[in-house]
Structure formats: structure tokens, C-alpha cells
Amino acid sequence: MLYINILKCYLCRLKFATKKMEIVLKEKIKEAVKIVYNSDVTDDLIQIQETRKDFKGDFTLVVFPLLRFSKNTPEKTGETIGNYLMDNFPVVSGFNVIKGFLNLEISDAWWVEFFGIMASEKTHFENCLVLKPETILVEYSSPNTNKPLHLGHIRNNLLGYSLYRILSACGHKVIKTNIVNDRGIHICKSMLAWQKFGNGETPQSSGMKGDHLVGKYYVLFDKEYKLQVERLVSQGMEENEAKNSAPLMTEARDMLLKWEADDNKVVDLWKMMNSWVYSGFDVTYKKLGVDFDKIYYESETYKIGKDIVLSALKDNILYKNDDTSIWADLTAEGLDQKLLLRSDGTAVYMTQDLGTAVNRFNEYHFDKNIYVVGNEQNYHFQVLKAILKKMGYSWSDGLIHFSYGMVELPEGRMKSREGTIVDADDLIKEMQETAKDVSLELGKLSDFSAEEKEDIFRKIGLGALKYYILKVDPRKNMTFNPVESIDFNGNTGPFIQYTYTRIKSVFRKAEQLGIQTGMKDFTGVKAGPKEIDLIKLLRKFSETVSVAAIGYSPAILANYCYELSREYNQFYHDFPILGEDDPALRNFRLLLSKLTSEVIYSGMWLLGIEMPERM
RNA sequence: GGUUCCGUAGCUCAGUUGGAUAGAGCAACAGCCUUCUAAGCUGUGGGUCCCGCGUUCGAGUCGCGGCGGAAUCACCA
């Protein structure tokens with residue numbers, strides 16, 4: 001009899017260990033209700049959640065929904081079900097009922113065994129894989145070529161790149177794309193200012209990064225233009241008219257027309273200045289650690305957009321105004337009229353986005369096309385989708401605007417006029433320097449070469465910056481506080497990196513002492529509550545990745561990494577690892593540490609954050 | 001005015017499909033380095049979850065109505 005029980009117990013562990021405990025419990029509880037109350041329950045009535053820390057137990061059944069079957073008090077019902085599980089499901093080692101909550105205790109041995117299975121999985125992403133992988137385009141960055149990247153772009157790039165890694169980890173085929181806004185009146189402004197005031201200055205001659213040089217002339221245009229407007233207003237002209245007829249503005253508009261007419265001189269200037277900007281962007285992208293599989297240029301897609309608009313006009317999907325401008329009427333969709341081609345025939349932003357979307361679909365036949373674009377463009381994407389739908393492109397349902405919030409400074413929005421734009425290159429540099437200062441003060445890296453040290457400072461500085469931005473829910477506007485962002489304690493990237501390096505350090509020490517690591521023999525180990533807490537948290541990794549993918553939220557993953565690091569540090573503080581005399585327990589703790597470091601590494605990797613081996 | 005998003009501790013933020021006494025970090029104060037990295041750990045204080053009504057066994061979470069903030073509604077991108 002005893003033998004049979006042990007065998008039964010063993011079988012049920014083996015069978016259930018690889019499944020999710022919640023699912024198994026659900027089945028067992030269904031069975032309990034069937035047998036004890038002679039009723040069939042639907043899945044949604046059985047709510048299992050992890051037991052809150054303040055109570056004893058591992059999983060909790062909310063019994064309120066089951067009262068209709070038991071026709072009894074919550075306490076009695078919980079007790080009945082608890083007793084049934086105790087008798088029929090050996091993994092349950094105890095239970096208690098508080099109010100309407102049945103707290104189930106899972107045997108420590110089960111957790112240890114489950115941990116063994118987790119530790120032998122090849123990758124930690126195995127359980128994240130989706131059944132039906134999709135082809136997903138992720139568009140991010142989308143810079144203008146008239147000024148350098150700033151803090152807002154950093155959030156955009158980090159979100160886009162992390163989204164790429166998270167979706168890929170779930171088995172999707174993800175293509176990273178970037179659309180460069182390389183045409184339009186704003187580009188002409190920089191070009192015109194350079195032509196007029198530049199005296200042939202180049203990145204080489206000035207020693208300036210190309211994107212910064214071009215940005216300088218964009219600002220200069222604005223300055224000179226404002227002076228002209230002021231002058232006209234003081235001569236008695238009305239402000240709006242002055243803005244329209246200021247010589248610099250009319251010249252810029254002329255230039256755009258010439259550009260669209262392929263005027264050689266203008267196109268050559270445009271090519272030269274854009275190439276400056278691109279080489280500048282490349283440097284910044286590289287520093288940020290982001291890249292792209294395919295780069296689109298508006299200058300190449302706006303004509304496709306024009307063709308699409310003209311053909312839709314022929315099909316009477318669009319209409320022509322008296323002044324020959326072309327519009328979409330979206331009032332039936334609850335939106336407004338939208339201009340698609342100006343009366344002079346030139347394209348607008350929407351025109352080229354239509355072109356890009358169609359172009360992309362023809363190229364990739366994507367299931368989803370995710371636009372990582374700020375929430376200031378919510379309306380734009382609503383309109384884009386509506387127009388494509390109207391034009392009969394059924395795949396427009398797969399267009400997703402991943403709308404993220406603005407980055408504000410403590411004193412409000414960044415404004416170029418007030419010079420409060422936080423430049424991407426400057427910020428990266430500052431973060432690295434701060435990392436350097438902190439590291440040197442702590443003085444733990446004295447045996448490293450200068451080059452190795454710089455690499456560590458870079459990882460820490462960027463880790464701090466990336467984590468600071470990614471830990472916030474992408475949909476929300478966030479405040480960037482320059483003082484707080486360089487804090488390396490608490491809920492920060494460096495804290496997580498530090499936890500990782502601590503574990504690495506344990507293994508280095510083990511090697512020095514000749515202690516074998518990676519031993520999976522820990523039979524009979526009695527794990528403590530802290531260790532089981534860690535196992536529970538590690539177990540949640542794959543689920544967290546899935547949730548982050550479905551919700552398009554790297555923040556969920558970032559917060560998970562933090563929680564795991566905190567949990568591990570508590571464990572690390574209270575329990576010896578290498579100092580543990582019992583070899584089985586030492587093996588167990590070593591493996592627990594190893595798995596933790598791997599999960600932290602994987603989680604941070606999905607965020608695009610590099611981990612130093614020492615710090 | 002229309003549409004969308006947001007409102008949680010002094011500050012910055014968590015809070016998976018509605019669940020128990022709402023959590024972290026920073027800042028403040030008090031402890032812990034002769035032992036695997038103190039970028040760590042432990043403790044104390046700090047809340048009208050914007051307000052009201054509703055839905056129900058149960059609402060920070062869902063619905064409606066207010067209040068407050070942001071974005072947008074361009075022949076700019």
C-alpha cells in the first residue's frame with residue numbers, strides 16, 4: 001500500500017512537473033467539485049492565483065464563485081475542497097482557509113524537483129514560443145534628416161529594438177525597419193541656411209558630427225526667418241501674411257518644388273547633406289546598440305503614395321477639390337476630411353505613409369506592421385488605417401500603432417526654442433562618465449586594463465540609461481530627471497547588473513577553490529522558504545516574456561528583472577553558497593544562482609541591455 | 001468643442017484577466033562589512049489609489065458623470 005502511494009506520487013509529479021501547476025490544480029479542483037458537490041464547473045469560475053506573501057501557502061483558490069455549488073459558507077467550502085485535495089493530490093502538502101480564500105501548500109520537494117527540470121531546459125525561451133508564428137515588421141526610430149537624435153528618439157529606439165527581441169524570442173519572424181524622413185520642407189530649410197550662411201562648412205572642416213552640423217543650420221534658418229518675420233510685421237504686415245511671405249520661406253518652398261522636379265543642383269546638395277547626417281546617425285545607433293534589417297527612405301516611397309492616391313481618385317474613393325487638391329472623406333468613419341495631395345501636386349506626410357505601407361506589404365506580406373511612433377501621432381495612424389481600409393487593403397487590420405508617451409523634463413516638455421532638448425549623444429556620454437566616476441570611487445576594477453575598464457563603464461552607463469527608460473510603461477508619458485537617472489542604486493539597471501556580477505564572482509571563486517559547479521545532484525535537499533521564493537520567481541520568466549510580447553511592454557520584463565534581482569540579493573545576503581558544508585545543498589544553491597544569472601541575463605538581453613562580468 | 005491617453009506615498013514609478021491588510025525605489029532617520037563584490041541587506045515613518053454614482057460576495061482595476069493634465073483635430077513632418 002505504501003509502495004503504491006509512493007509510486008502514485010512519483011507518477012503524478014513526473015506527469016505534472018512539466019505542466020503548469022495552475023492548470024493541474026484547476027483540473028483537480030474541478031474533479032473535487034464534481035465528486036463532492038456533484039456539479040460541473042466551467043474553467044472561468046476556478047480562479048487560481050499565487051498566494052500573497054503575508055499568508056502561508058503557494059497557490060490560492062478564490063472560493064466565492066464556487067458557493068453556488070456548495071451552498072455553504074466560504075470557510076466550509078474551502079475546507080472541503082482543501083481536504084479533498086489533501087487526500088487525492090499528494091503534491092498538496094497542506095492548506096488553510098482565510099475568509100473566502102483557500103491557500104494551498106505545495107510540498108517543498110515538488111518545488112525542488114521542478115527546479116531541477118527548469119535548470120535542465122536548454123534555453124529559457126522554450127516556453128515562450130507561440131503556436132502560430134507571424135511575420136511582423138517593426139518600424140522604429142524614423143528620424144528626420146534635419147537635426148540630431150534626442151531623448152525622445154532614444155525612447156523610441158530602445159522600445160522598438162526591445163520589442164524586436166521580445167517578439168523574436170516568442171518565435172515570430174521580425175523585421176526591423178526604419179523609415180527616414182529625408183524629404184520635405186524641413187530638409188530644405190537646413191539646406192537653404194547652409195547654402196546662404198555656411199561658407200562651405202563640412203563635418204571634416206568643422207570637426208562636427210554630421211547630424212549636429214546639419215542641425216546647426218536648421219536652427220540658424222529658424223533664427224533668420226524669425227528676424228525676417230519681425231521686420232515685416234514692424235513694417236505693418238499682418239503676422240500670418242509675414243510668416244507666409246518672408247523671403248526665406250518662399251525660397252524654401254521653391255527649393256522643395258525644385259527638389260521634387262529633380263533639379264540637379266538641389267538634389268546634389270540634398271544628397272551631400274543627408275550623407276553627413278547618416279554617418280552621424282550611424283554612430284549614435286551603434287552606441288545605442290540598435291540596428292535595422294531594412295531602411296526605407298521617404299524620398300523613394302512618396303511617389304508610390306502619389307500613384308496610389310491618383311488611382312484611388314479614379315475609382316472615386318477620393319475626391320478632387322476645386323483647387324485641384326485631393327482629399328479623402330472620412331466623415332463616415334467618424335474622422336475628418338484629409339488632404340492627400342496639395343493643390344500644387346506635391347505629397348504630404350500621409351501620402352508617403354500610404355506608399356510605404358503598400359510597398360512593405362507587397363515586399364513582406366506581413367501579418368502585422370508595428371509602428372513605434374509617439375502618441376502625438378495617434379490621429380495620423382487612425383487616418384492611415386481608415387484610408388487603406390477604404391481603398392480595399394484588407395491587411396490594414398494588421399497595422400498597429402505602438403503609441404508611446406512623451407519624455408518630459410521636470411520643468412515640462414523639451415523645447416528647441418528654449419534649448420532644453422536633451423541630445424542623445426550628449427546624454428550617452430554623460431551616463432558613461434558618471435558610471436566611470438562611480439566605478440573609480442568604488443575602486444573594484446584596479447586589475448583591469450584601461451580598455452577593459454572603458455567597456456565596463458560603457459555597459460553600466462548605457463545599462464542605467466536604457467533601464468531607466470524601459471522600466472516605465474511605454475504608453476505613459478514619463479519624466480526624465482537628469483539627477484535621478486544617473487542614480488545607480490535601487491530600481492536601476494546597474495543594480496541588476498551588479499546582482500549578475502555578484503553571481504559571476506561566486507563562480508570565479510568556486511573555480512579558484514576547486515569547487516565543482518553545475519552539479520545537478522541535490523537529492524534530499526530541504527529547500528528553505530527564501531529558496532522556494534526564488535524558484536517561484538524563476539518559474540515566471542517565460543510567462544513574463546509572453547505577457548510582455550502580447551502587451552508590447554518591455555516594462556513588464558524590466559520590472560521582472562528587478563524583482564528577481566532583489567529576491568536574489570536577499571538570498572545571497574542570508575545564505576552561504578560556497579561556504580555551505582553539505583555538498584548537496586551547496587550544489588542546489590550553486591545551480592539556483594546559475595539559473596538566476598542566466599534568467600537575468602536573458603531578461604536584460606531582451607531589453608537590449610548588456611551585462612558586464614565584473615563591476 | 002470632437003477624439004485618444006493619463007491621474008496611485010513629498011518625488012519617480014509598479015500593481016497580468018476585478019480578489020485578502022495597495023507595493024518598490026529615491027529622499028529622511030536607525031542599524032549591518034575579519035566570511036561568496038556594501039552599486040548590497042535589515043528596520044522606521046510616509047496613502048482620501050483625483051471626486052461622485054453604479055455593476056457585485058468583492059473595485060486602484062469594469063461602466064457612467066464630473067474635475068485636473070497631456071496629445072491631436074495643418075496644403076508641417
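Residue numbers start from 1 in every chain, and the chains themselves are labelled A, B, ... in the order their sequence lines are given, proteins ahead of strands.
Rounded to whole Å, the distance from CZ on A:Arg475 to P on B:C5 is 9 Å. Distance CD (A:Gln382) to C1' (B:C5): 12 Å, rounded to an integer number of Å. The CG-P distance, from A:Asn103 to B:G19, rounds to 16 Å in whole Å. Rounded to an integer number of Å, the gap from A:Glu563 CD to B:U16 P is 13 Å. One interatomic measurement links the two molecules: NZ of A:Lys476 to P of B:G60, which rounds to 16 Å at whole-angstrom precision. Note: CZ (A:Phe480) to C1' (B:C13) measures 15 Å, nearest angstrom. Rounded to an integer number of Å, the gap from A:Lys530 NZ to B:C41 P is 10 Å. Across the protein-nucleic acid pair, A:Asn569 atom CG and B:G40 atom P stand 8 Å apart, rounded to whole Å.
Checking side-chain atoms of A:His401 against main-chain N and O of A:Val373 turns up a donor-acceptor pair under 3.5 Å. Not a single donor-acceptor pair under 3.5 Å links the side chain of A:Asn72 to the backbone N or O of A:Thr77. Using modelled atom types, no side-chain atom of A:Asp182 and backbone atom of A:Thr145 make a donor-acceptor pair closer than 3.5 Å.
A donor N or O paired with an acceptor N or O is found under 3.5 Å between the base of B:A20 and the side-chain atoms of A:Thr60.
Among the nucleotides B:A20, B:A77, B:A14, the one closest to any side-chain atom of A:Phe55 is B:A20. Each of B:C6, B:A39, B:A20 was ranked by its minimum atom distance to the side chain of A:Ser439; first place goes to B:A39. Among B:C6, B:A77, B:C36, the nucleotide with an atom closest to any side-chain atom of A:Val506 is B:C36. Side-chain proximity of A:Gln570 to B:C6, B:C13, B:C41: nearest is B:C41. Closest to the A:Leu578 side chain, of the nucleotides B:G15, B:U16, B:C36, is B:C36. In the set B:A77, B:G19, B:U42, B:G19 carries the atom at the smallest distance from any side-chain atom of A:Pro65. With distances taken from any side-chain atom of A:Phe101 to the nucleotides B:A14, B:C13, B:A20, the minimum falls on B:A20. Residue A:Tyr498 places its side chain closer to B:A39 than to any other of B:A39, B:A20, B:C13. Distances were taken from every side-chain heavy atom of A:His573 (C-beta onward) to each of B:A20, B:C41, B:U3; the shortest belongs to B:C41.
Pair check for B:U3 finds B:A71; Watson-Crick or G-U wobble, both atom distances under 3.5 Å. Applying the Watson-Crick and G-U wobble criteria (two distances, each under 3.5 Å), B:C57 pairs with B:G19. Applying the Watson-Crick and G-U wobble criteria (two distances, each under 3.5 Å), B:C29 pairs with B:G43.
Taking a 6.0 Å sphere around NZ of A:Lys258, one finds it holds 12 or fewer heavy atoms contributed by other residues, nucleotides or ligands. Within a 6.0 Å sphere centred on CZ of A:Arg475, heavy atoms belonging to other residues, nucleotides or ligands number 12 at most.
Nucleic acid contact for A:Glu298: sugar-phosphate only, since backbone atoms but no base atoms lie under 4.0 Å from a heavy atom of the residue. Here A:Asp336 lies in heavy-atom contact (under 4.0 Å) with sugar-phosphate atoms only. In this structure, A:Met615 reaches the bases: a heavy-atom distance under 4.0 Å links it to at least one base atom across the strands shown. The residue A:Arg413 sits close only to the backbone: its heavy atoms come under 4.0 Å of sugar-phosphate atoms, none of a base. Among the atoms of the strands shown, none is found under 4.0 Å from any heavy atom of A:Gln352. Counting non-hydrogen atoms under 4.0 angstrom, A:Asp44 reaches nothing in the nucleic acid. Among the atoms of the strands shown, base atoms are found under 4.0 Å from some heavy atom of A:Ser325. Note on A:Ile460: a base of the nucleic acid sits closer than 4.0 angstrom, heavy atoms only. A:Lys444 comes within contact range of at least one nucleobase, with a heavy-atom separation under 4.0 Å. Across all strands shown, A:Val472 has heavy atoms under 4.0 Å from sugar-phosphate atoms exclusively, and none from any base.
At a threshold of 4.0 Å, the pair A:Glu610-A:Arg458 counts as salt-bridged, since one of the basic side-chain nitrogens sits closer than that to a carboxylate oxygen.
Residue whose closest nucleotide on RNA chain B sits further toward the 5' end, between A:Asn181 and A:Gln47: A:Gln47.
Phosphate contact (OP1/OP2 of B:U21, side-chain N/O of A:Lys99, threshold under 4.0 Å): present. Listed pair A:Thr479 / B:C13 meets the phosphate criterion, a side-chain N or O lying under 4.0 Å from OP1 or OP2. Of the side-chain N and O atoms in A:Gln377, none sit less than 4.0 angstrom from OP1 or OP2 of B:A71. A sub-4.0 Å separation between OP1 or OP2 of B:U21 and a side-chain N or O of A:Arg52 is absent.
Because its NZ or CZ atom is not both nearer than 6.0 Å to the ring centre of A:Phe448 and within 45° of the ring axis, A:Arg614 does not count as a cation-pi partner of that residue.
Taking atom P on both nucleotides, B:G19 is separated from B:G58 by 14 Å, rounded to a whole Å. Comparing B:U8 with B:G23, their C1' atoms are spaced 10 Å from each other, to the whole Å. Comparing B:A22 with B:A9, their C1' atoms sit 11 Å apart, to the nearest whole Å. Annotation: B:G25 and B:G43 have their P atoms spaced 10 Å apart (nearest Å). The separation of B:A59 from B:G54, taken at their C1' atoms, amounts to 11 Å, rounded to a whole angstrom. The gap from the C1' atom of B:G10 to that of B:G47 amounts to 12 Å, rounded to the nearest Å. Going from the C1' atom of B:U61 to that of B:C6 covers 15 Å, rounded to whole Å. When the C1' atom is compared between B:C32 and B:A38, the two are found 9 Å apart, to the nearest whole Å.
Relative orientation of the A:Tyr552 and A:Phe402 rings is perpendicular, given thresholds of 30° and 60° on the angle between their planes.
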N/O-N/O pairs, protein side and nucleotides 24-31 of chain B side, under 3.5 Å:
from  : atom 1 : to       : atom 2 : distance (Å)
B:A24 : O2'    : A:Tyr562 : OH     : 2.7
B:G25 : O2'    : A:Asn491 : N      : 3.4

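In this structure, the aromatic ring of A:Phe495 is not positioned over the six-membered ring of the base of B:A39 within 5.5 Å between centres and 30° between planes. Where stacking is scored as ring centres under 5.5 Å apart with planes under 30°, A:Phe64 registers as stacked on the base of B:G19.
Between A:Tyr568 and A:Phe571, a ring centre-to-centre spacing shorter than 6.0 Å is recorded. Side-chain rings of A:Tyr297 and A:Trp270 stay apart, their centers remaining 6.0 Å or farther from each other.
Here B:C33 is in the syn range [glycosidic angle within 90° of 0].
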